[in-house]
Structure formats: structure tokens, C-alpha cells
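What follows is a single structure, written as C-alpha cells, with notes after it.
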Protein chains: 2
Amino acid sequence: MLRMSKLTDYATVILAYLARAGGELHTAADVASRTGLGVPTVSKLLKLLAQAGLVTSVRGAQGGYQLARPAEQISAADVIDALEGPVAITACSSADIQCELESVCRVGSAWQRINTAIRLALKDVSLDQLIGSPGTPRPRFDLAEAAGADTGPTARGASR
Amino acid sequence: MLRMSKLTDYATVILAYLARAGGELHTAADVASRTGLGVPTVSKLLKLLAQAGLVTSVRGAQGGYQLARPAEQISAADVIDALEGPVAITACSSADIQCELESVCRVGSAWQRINTAIRLALKDVSLDQLIGSPGTPRPRFDLAEAAGADTGPTARGASR
DNA sequence: TTCAAAGAGTACCATTTTAGTGCTATTTGA
DNA sequence: TCAAATAGCACTAAAATGGTACTCTTTGAA
Ligand code: SF4
Ligand code: SF4
């Protein structure tokens with residue numbers, strides 16, 4: 001279903017909490033209890049986010065995590081990059097993975113364009129938009145229109 | 001890595017072959033030998049594509065597959081829908097999957113927008129563009145510019 | 001000085017998903 | 001009637017995912 005991993009999703013939730021909570025330090029246990037996620041999972045994710053440079057950590061007693069930079073400067077693409085590596089919708093979109101069909105295949109370049117378009121969409125949404133009040137989702141990315149009510153409503157194909 | 005499944009990728013290759021080969025019937029074995037994929041895999045994929053209505057099949061001797069409609073009317077989104085079900089980047093993007101965080105989570109709506117944007121990008125690329133002559137990839141979707149050389153850092157030309 | 005609260009790092013396992021294969025039934029032209 | 005071809009399951013091996021456990025290091029405070 002072209003889904004991103006649950007952990008990436010959770011990471012977004014965690015970052016959103018940190019962003020909303022302000023600049024103070026928050027322990028993993030604190031974040032876990034506020035978000036409803038498991039403590040070990042939150043701990044693991046915060047570690048990864050710290051390695052990626054999205055949050056900063058303070059060790060020792062009274063330690064914790066906080067956002068490394070303002071929420072406006074953290075994009076959805078950053079989060080995905082941190083947890084899943086660069087977006088690569090096909091094998092040939094990634095530099096280190098080889099596709100043996102590459103010589104016969106003529107569709108690769110088109111997927112590259114799609115890949116780039118997706119990346120742009122991800123880059124365009126920042127954390128402060130993610131936590132924006134539910135009623136006012138201000139998309140800078142206007143393409144969302146006209147795409148039709150695909151994701152939501154009734155006719156759930158559920159073809160799986 | 002936000003990757004689509006290999007089978008979906010292969011399906012695209014198969015459809016591209018059918019599109020390029022014209023309106024005649026092609027057997028699964030034929031397609032397999034031309035694309036370099038395994039016969040059982042091709043067979044399975046063509047079955048799925050037939051169920052999704054992207055190709056039509058003729059049973060019996062001298063049977064085979066062909067595109068159900070002109071290549072211009074088959075989009076990348078169609079292919080992904082056929083094999084992976086509707087695009088749903090998060091659990092809450094899909095109607096039949098429940099996320100227990102949905103009450104606490106404030107980021108869902110933003111992901112919905114991203115989801116829609118991705119869907120639009122996929123819908124905008126049709127099969128005839130996928131097989132378009134390598135030198136003239138005409139993107140109707142101009143956003144591909146300016147996104148930077150993200151996907152192919154090094155020598156990943158792949159634009160054959 | 002000592003202790004306990006935190007994060008850092010690593011390794012591991014259970015589950016799920018993916019990819020591929022095999023087999024049988026059905027259709028249909030020759 | 002036969003053989004070529006798709007239709008439809010059912011199954012298995014391999015990989016990715018999600019979650020957990022454990023030890024090590026840092027550091028503020030008693
Ligand atoms: S070369 Fe073709 S088949 Fe291989 S990963 Fe790229 S698009 Fe897919
Ligand atoms: S509700 Fe929030 S946590 Fe749950 S799937 Fe949607 S975005 Fe992710």
C-alpha cells in the first residue's frame with residue numbers, strides 16, 4: 001500500500017509532542033506516557049532521532065531530549081530520511097541497490113521523476129504544520145486539491 | 001525507504017512491454033522471456049492485472065493478454081492500486097485500519113495531505129510516458145525540478 | 001563520594017510481509 | 001480429442017518489521 005513504517009509514523013508523533021511542549025527537556029518515559037506509546041519503543045526512536053540530528057539529548061540524571069531546531073525547520077522528509085533512509089520508490093532509485101533489469105527496463109527514469117515529486121511533497125510539510133491546529137491545515141502544497149477523495153471516504157476497496 | 005514492492009515494479013515493466021508491443025495477444029511465457037522475469041512471476045502478475053482490469057485475457061489455446069485500454073489511460077496510480085491497494089502512507093490514511101493513537105495524535109491530517117499529493121503525482125504519470133523514448137521524458141508534473149539531486153547522489157544516471 | 005536517574009549501544013526474538021513456486025481446474029482453437 | 005493457455009489456490013522460504021532485554025556510560029544531587 002505504499003505505506004511508511006509504523007515507527008516512522010510514531011517518530012512524527014513524538015516530534016510533534018516535543019514541538020508542542022516547548023524547549024524544555026523531556027525524558028523518554030515522559031514522552032511515552034504522553035503519547036501512549038511504549039517506553040522501549042519511544043526510547044529507541046528518540047535515540048535514532050538524536051543520531052539523525054533532529055533532537056538533541058542530555059545524558060545523566062535530569063537529562064532528556066528536545067528538538068534540535070525550530071519546528072519550522074524540520075520537514076517530513078527529514079523524519080523519513082532519519083528512520084527509513086532516503087526515499088527510493090524503486091530499486092534503481094537508490095544508488096546502492098542494483099536492479100538486474102536495468103538494461104532492459106525503460107521505465108526507470110519515469111519512476112525517478114515520481115520519486116522526486118514525492119520527495120518534494122514530503123519536504124514541503126514541516127513539523128509546525130504537522131502539529132498545526134486540526135482545523136487549519138494550511139498546505140503550502142496546493143496539489144492536494146483535485147486529487148479526488150481517494151484516501152478517505154466510502155468505497156473502501158480493501159483489495160488485500 | 002518508502003519503497004514500493006518489487007512486484008509492483010515488475011508489473012510496470014510488464015505493462016510497458018505490452019504497451020510497446022501493440023495490441024496483439026501475448027502469452028505469459030512470451031512476456032517473461034522478453035522482460036527477463038520468471039515465468040511463474042509474470043503469470044501471477046498478469047493474473048492480478050487482469051483482475052484489476054488493466055489487461056484483458058483470452059483463455060484457451062492461442063490465448064494471451066493485452067492492455068485493456070490505451071497506454072495513455074493507464075496511470076502509475078492504477079498499477080499501484082492494482083497490486084498494493086490504495087496508497088495509504090499512514091495507518092489512518094486507510095479506512096479499514098484503525099490507529100489507537102488517533103485520539104491523541106494531531107498529525108494525521110497533515111499526512112493525509114501528503115498522501116493526496118503523492119497520489120496526484122502517481123496519477124499524473126501514464127504508461128505511455130513510462131515507455132516514452134528515453135530522451136524525451138515529458139513530465140506534466142513539473143515539480144520534479146528544484147527538488148535537488150536527492151535520489152541519485154553519485155553516478156546513478158539510469159536515464160536510459 | 002556515592003547513588004540513582006537518565007540516555008547510548010547492542011543484541012535478540014516474534015511476527016508479519018514479501019517473493020516465489022507448484023499444482024490443479026478450466027477454457028478453447030485446431 | 002488434444003494441447004495450449006489462463007484461473008485459482010495453496011504453500012514455503014526469505015526478508016523486513018516491531019518490539020524487548022540487557023549492559024554501559026554519563027551526570028546531577030544527596
Ligand atoms: S530498472 Fe526498471 S525494473 Fe529495475 S528497479 Fe528500475 S524501474 Fe524497476
Ligand atoms: S492517527 Fe496519528 S499515529 Fe495514528 S496512523 Fe494517523 S498519523 Fe499515525
Side-chain angles (χ1 to χ4, degrees), chain A residues 1-11 13-14 18 24-33 35-66 68 80 83-85 88 90-91 94 97 99-101 159-160, chain B residues 1-11 13-14 18 24-33 35-66 68 80 83-85 88 90-91 94 97 99-101:
Chain A
M1 294 199 209
L2 203 61
R3 163 124 19 117
M4 70 180 184
S5 94
K6 276 162 68 176
L7 292 182
T8 308
D9 190 357
Y10 294 163
V13 175
I14 291 173
L18 288 180
E24 306 116 42
L25 289 174
H26 302 271
T27 71
D30 174 35
V31 175
S33 71
T35 55
L37 298 167
V39 178
T41 302
V42 170
S43 187
K44 181 189 205 172
L45 285 172
L46 281 170
K47 267 181 266 186
L48 289 172
L49 291 172
Q51 287 176 338
L54 296 184
V55 303
T56 56
S57 66
V58 176
R59 299 178 67 159
Q62 261 65 42
Y65 297 92
Q66 63 188 141
I80 290 184
L83 274 91
E84 317 201 10
T90 61
S94 173
I97 297 175
C99 171
E100 70 278 7
L101 298 178
S159 47
R160 184 167 254 283
Chain B
M1 295 200 206
L2 204 61
R3 163 125 18 117
M4 69 181 185
S5 94
K6 277 163 67 176
L7 291 182
T8 309
D9 190 358
Y10 294 163
V13 174
I14 290 173
L18 288 180
E24 307 118 40
L25 289 175
H26 303 269
T27 71
D30 175 34
V31 175
S33 71
T35 55
L37 298 167
V39 178
T41 301
V42 170
S43 186
K44 180 190 206 172
L45 285 171
L46 280 170
K47 267 182 264 187
L48 289 172
L49 291 171
Q51 286 177 339
L54 296 184
V55 302
T56 56
S57 65
V58 176
R59 299 178 66 159
Q62 261 65 42
Y65 296 92
Q66 63 188 140
I80 290 184
L83 275 91
E84 317 201 9
T90 62
S94 176
I97 298 176
C99 172
E100 71 277 8
L101 298 178

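Worth saying up front: this structure is predicted, and the values here are computed from it rather than measured.
- Across all non-hydrogen atoms, the minimal contact from B:L46 to B:V55 is O-CG2, 3.9 Å.
- Residues B:M4 and A:T90 meet the side-chain proximity criterion, which asks for heavy atoms closer than 4.5 Å.
- Contacts of A:A50 with the nucleic acid, taken as non-hydrogen atoms under 4.0 Å apart, are absent.
- Within the structure, a side-chain polar atom (N or O) of A:S57 is placed less than 4.0 Å from OP1 or OP2 of C:dA8.
- Nearer to the 5' terminus of DNA chain D, by closest-nucleotide assignment, is the contact made by B:G60 (compared with the other of A:A61 and B:G60).
- Using a 4.5 Å heavy-atom threshold, the side chains of B:H26 and B:L18 count as touching.
- B:L37 has its CG atom 19 Å from the P atom of C:dT18, to the nearest Å.
- Here A:L45 contributes atom CG and A:Y10 contributes atom OH; the two are 9.5 Å apart, rounded to the nearest 0.5 Å.
- The distance from atom CG of A:L54 to atom CG of A:L48, rounded to the nearest 0.5 Å, is 10.5 Å.
- Partners of B:S33 under the side-chain hydrogen bond (donor to acceptor under 3.5 Å, both in side chains) rule, at least two apart in sequence or in another chain, do not exist in this structure.
- Following rounding to the nearest Å, A:Q51 (CD) and C:dT10 (C1') show an atom-to-atom distance of 11 Å.
- Rounded to whole Å, the distance from OH on B:Y65 to C1' on C:dT27 is 12 Å.
- Look at CG on A:L48: it is 14 Å from C1' on C:dA11, rounded to the nearest Å.
- A straight line from CG of A:L2 to P of C:dT18 spans 11 Å, rounded to a whole angstrom.
- Rounded to whole angstrom, the span from the CG atom of B:L49 across to the P atom of D:dG8 amounts to 14 Å.
- Taking all atoms of both residues into account, the shortest heavy-atom contact from A:A91 to B:D9 is N-OD2, 4.4 Å.
- Atom CG in B:L45 sits roughly 15 Å away from atom P in D:dG8 (whole-Å rounding).
- Distance A:Q62 CD to D:dA29 P: 6 Å, rounded to the nearest Å.
- Nucleic acid contact class of B:A28 (heavy atoms, under 4.0 Å, all strands): sugar-phosphate only.
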In 5'-to-3' order, the base (B), backbone-only (S) or no-contact (-) status of each nucleotide in nucleotides 13-25 of chain D, using a 4.0 angstrom heavy-atom cut-off, is -----SBB----B

